[in-house]
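In this chain, residues are counted from 1 in sequence order. Both backbone and side-chain heavy atoms feed into the values below; hydrogens, waters and symmetry mates do not.
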Amino acid sequence: MYHVPVLAKEVIEALSIKKDGLYFDGTLGGGGHSELILSKGGRVIGTDRDADAIAECEKRFKGYEGRYTLYKENFKNAKEILKGQALDGALLDLGVSSHQIDTAERGMSYRLDGKLDMRMDQSQYLTALEVVGQYGETDLIRILKEYGEERFAKRIAAAIVRERGVSPIATTGRLVEIIKASVPAFYQNPAMRSFMGIRLEVNNELRGLDMSIEEIFSYLISGGRLCVIAFHSLEDRIVKRTFQRLSADCVCDKSLPVCVCNHKAEGRLLGRFRPSMAELAVNSRSGSATLRVLEKI
């Protein structure tokens with residue numbers, strides 16, 4: 001299977017699909033969430049940066065012709081895609097698809113040996129090869145520490161710079177070996193955090209995420225709902241803070257004695273959801289997923 005959608009039951013219940021309602025899926029992946037929306041009578045505008053995902057969805061959505069429009073595009077360009085259309089609901093699944101992880105040549109997995117790539121959009125220039133091979137030690141430390149939350153960032157960055165001076169680091173396998181040799185032997189999944197940090201840098205996944213969430217939320221009709229699924233603390237922190245800001249009645253500096261902004265909340269928090277034991281039993285990769293839901297007032 002191309003990709004198993006996480007928290008699918010929770011997402012569809014939260015969106016409360018209306019017949020002929022219009023829904024935006026900014027991260028199509030294998031199309032699992034969108035197919036459920038279509039099956040319940042909704043219409044979908046979908047985007048994904050990965051051409052493979054668009055091709056998969058075109059095949060998967062056969063029988064729903066005329067009810068969906070797909071774009072090979074970044075959801076951060078929602079303004080150009082939606083062009084003022086009113087949405088009944090929207091979804092962002094910020095994770096990496098199983099197809100991307102399980103395809104060795106995409107370079108997303110630290111368990112499979114393949115070329116250093118990590119691009120979601122295969123047409124962009126920047127790859128993990130350039131990050132690992134050309135970034136200075138200071139920048140590597142920043143990426144591994146801030147994006148990967150890697151406690152041994154300095155050791156790993158120094159080892160990368162040293163080893164690439166001997167010969168180019170061109171594969172995920174060699175990068176994993178370098179990382180393993182740089183951290184204590186007891187350290188679990190030694191390459192996981194570094195790979196995440198490099199992938200976030202390659203795909204520019206965090207910069208502008210808060211503004212994109214606000215942009216997409218602005219297109220919702222009253223009662224429309226935005227669902228966002230995050231897979232690690234950095235993403236979820238941005239989602240949480242953005243949702244809190246959109247649901248706050250006052251945005252004044254808390255040091256002020258009184259409110260002077262007269263700001264009214266635009267949204268209402270509907271909750272935070274985690275995978276059920278039943279879902280974890282069939283899809284262990286869902287374990288780190290967190291769904292947050294915000295309703296437009």
Side-chain donor/acceptor of K296 to backbone N/O of L220, under 3.5 Å: yes
Non-hydrogen atoms of L94 and E205 that approach each other most closely: O-OE1, 4.4 Å
Salt-bridge present (K9, E279; N to O < 4.0 Å): no
Residues clustering with M277 (ILVMFWY side chains joined when closer than 4.5 Å, directly or via others): L280
Trace of the salt bridge (charged side-chain N to carboxylate O under 4.0 Å, His left out) decision for E56 with K59: CA-CA 5 Å; E56 175 66 19; K59 292 187 294 183; 3.7 Å; yes
Distance-only side-chain donor-acceptor flag, D236 / T290, under 3.5 Å: no
Common cluster, V293/L7, ILVMFWY with side-chain heavy-atom separation under 4.5 Å: yes
Under the side chain to side chain donor-acceptor pair (under 3.5 Å) test, residues paired with R119 that sit two or more places apart: D117
Y68 and E35 side chains, donor-acceptor separation under 3.5 Å: no
Atom of R274, atom of S288 and distance for their closest heavy-atom approach: NH1-C, 3.5 Å
H33 versus D25, side-chain donor and acceptor atoms under 3.5 Å: no
Residue from E10, E295, E13 passing salt bridge (charged side-chain N to carboxylate O under 4.0 Å, His left out) with R225: E295
